[in-house]
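As the structure lists them, so they are numbered: ligands from 1, and atoms in each ligand from 1.
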Amino acid sequence: MDIWHLRGGNRLEGACFVQGSKNASLPIIAASIISPARSELLNVPQLRDVDAALRILRHLGCTAEQWGSDVYIDSAGLCRSAIPHSLMVEMRSSVIFMGALIARCGSARLSLPGGCQLGKRPIDLHLAALRQLGAEIDEAGGEINCQAQELHGADITLPFPSVGATENIMLAAARAKGDTVIRGAAREPEIIALQEYLRAMGLNVTGAGSGTICIGTFKPEKAVSHRIIPDRIVASTIACAAAATGGNVEMRGVDPSHFSTVLHFLKLAGCDIMNSKRSVRVRAPGKLSAVGEVSTEPYPGFPTDAQPVLMAALLKAEGRTVITENIFENRYRQVPELQRLGADIAVSGRRAEIWGVDCLHGSALTATDLRGGAAMLVAALAARGESTVFDDGHITRGYERFDMRLRSLGADIYLEC
Ligand code: EPZ
């Protein structure tokens with residue numbers, strides 16, 4: 001059990017670097033097995049989920065090591081195509097190994113993935129698309145067995161731009177005979193990052209970032225070096241923490257275009273936002289204003305992963321904000337915990353109405369999921385007095401040395417592991 005001890009009230013001030021992206025790293029680590037090439041990945045965050053992905057690679061027979069923020073993978077020795085349940089349940093992205101394994105081995109056996117409990121989170125879109133590529137898939141008792149002697153290219157239309165399904169199709173299609181087109185694809189920066197990595201591996205893939213991705217021939221390279229993009233959700237969290245505490249923080253090594261919708265709402269709330277190509281400064285007023293309506297949408301809309309931390313930032317904002325969560329049906333699990341701090345939030349279905357209060361007070365909280373847990377830290381930093389966040393390892397799945405990063409900005413925070 002991780003226990004986060006915080007004393008709120010300090011303005012966050014100063015500058016910090018933002019870690020590499022978890023959600024870009026994980027599919028790229030899975031992608032590393034589609035050919036026996038060696039991969040060097042730079043700027044990979046040191047996180048439990050990354051560690052879990054590397055353990056899956058080692059289980060499959062690959063060499064996989066992390067030294068600081070560098071990861072080295074040699075998948076020449078891959079000799080298994082089954083992932084045991086104990087490794088699958090550690091994180092949601094383990095499902096991306098399905099596309100990678102059928103590309104490399106023509107078979108994959110795994111169980112339903114773990115990850116944050118944000119709703120039902122089915123994988124029907126992944127399975128339907130892989131079937132279109134020629135995979136035969138049996139599902140029974142939470143076990144998934146995929147066989148594909150030879151995958152063939154297909155014209156696939158996703159009814160919803162699922163990030164994971166888009167990634168799985170890109171990986172499986174990499175080794176399919178003939179071209180594949182994905183229509184209605186997810187457009188997230190992490191999809192563009194995966195395309196860059198796959199191109200470096202020798203795959204002819206274009207269109208990521210638009211709704212249509214085309215995957216053609218693969219001429220495998222022997223070795224690949226790739227730098228992971230900065231984490232836009234960690235950047236959003238730090239920006240929200242700066243806003244919540246009336247702070248003045250410069251985030252370095254970020255791509256402001258990746259989280260411009262979050263910055264847009266912080267600006268509406270009254271913050272000064274100063275962008276350069278690789279940094280963003282957020283300077284907050286003494287009192288924030290409510291921002292009206294916020295709806296989560298697939299990229300380039302407002303990201304669901306930043307919804308809990310923006311909510312936390314607005315708990316003391318003057319007026320009413322209404323959030324509509326359109327991506328996950330159960331992503332307000334942080335709300336009862338934020339209410340313990342004195343927040344005035346009413347949830348009705350997918351809508352959450354937040355009335356700014358004058359003051360939040362410290363309390364004992366329990367982290368419910370990764371971003372919900374981060375939201376509790378943001379709110380506790382803006383609360384008067386001491387808070388404790390009890391966390392069964394959610395926050396450290398996505399935030400690297402977050403206590404140190406916040407402490408360097410003046411936060412009174414200490415993580416007891
Ligand atoms: C990715 O999850 C991210 N995870 C999530 O980040 C993020 O919240 C999500 O995309 C949306 O942006 C990683 O990249 C590892 P989806 P993913 O498939 O791929 C439904 C975090 O906090 N759906 O785009 O699982 C699904 O139930 C995490 O870092 C189906 O119905 O997201 C959900 O409602 C949490 N059938 C919606 O689509 C499917 O087959 C979006 O899911 C697949 C998805």
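Using a 4.5 Å heavy-atom threshold, the side chains of Met311 and Leu338 count as touching. Using a 4.5 Å heavy-atom threshold, the side chains of Ser69 and Gln19 count as separate. Counting heavy atoms from C-beta outward, Leu365 and Phe390 have side chains that stay 4.5 Å or more apart.
Taking each of Leu127, Asp231, Leu158, Asp124 in turn, the one with a heavy atom nearest to atom 36 (N) of ligand 1 proves to be Asp124. Taking only non-hydrogen atoms, the option from Val234, Ile233, Val163, Asp305 nearest to atom 7 (C) of ligand 1 is Asp305.
Within the structure, ring-ring contact (aromatic ring centres under 6.0 Å, His included) pairs that include any residue of residues 162-213 comprise Tyr197-His226 (at least two apart or interchain).
Counting only N and O atoms by type, the side chains of Asn248 and Arg281 include a donor and acceptor under 3.5 Å apart. Residues Gln147 and Glu136 have side chains that never bring a donor and an acceptor to within less than 3.5 angstrom of each other. A donor and an acceptor atom, one from each side chain of Arg371 and Tyr399, are located under 3.5 Å apart.
Within the 4.0 Å heavy-atom shell around ligand 1 one does not find Ala165. For Lys22, the closest heavy-atom approach to ligand 1 falls below 4.0 Å. Taking 4.0 Å as the cut-off, Gln307 does not count as a neighbour of ligand 1 on heavy-atom distance.
For ligand 1, one of its N or O atoms has an N or O atom of Gly164 under 3.5 Å away. Among the atoms of Arg371, some N or O lies under 3.5 angstrom from an N or O of ligand 1. Remark: ligand 1 and Ser162 share an N or O pair separated by less than 3.5 Å (distance only, no angle test). An N or O contact shorter than 3.5 Å is missing between Phe328 and ligand 1 by distance. Taking only nitrogen or oxygen atoms, main chain and side chain alike, Leu26 does not reach within less than 3.5 Å of ligand 1.
Each of Thr304, Asp369, Thr296, Asn326 was evaluated against Arg331; a single residue qualifies, Thr304, per the side chain to side chain donor-acceptor pair (under 3.5 Å) test.
The closest donor-acceptor contact from the side chain of Arg104 to the backbone of Ser75 lies under 3.5 Å.
At a heavy-atom cutoff of 4.0 Å, ligand 1 is contacted by the side chain of Phe160 but not by its backbone. Residue-level proximity to ligand 1 for Thr304 is carried by the side chain, the only part with a heavy atom below 4.0 angstrom. Within the 4.0 Å heavy-atom criterion, the part of Leu370 lying near ligand 1 is the side chain and not the backbone. With a heavy-atom cut-off of 4.0 Å, Leu125 touches ligand 1 through backbone and side chain alike. Proximity of Ile327 to ligand 1, defined as any heavy-atom pair under 4.0 Å, is shared by backbone and side chain alike.
Per-residue contacts place Arg331 under 4.0 angstrom from the following atoms of ligand 1 (heavy atoms of the residue considered): 8 (O), 22 (O), 35 (C).
The heavy-atom pair separating Ala100 from Asn168 by the smallest distance is N-OD1, 4.5 Å.
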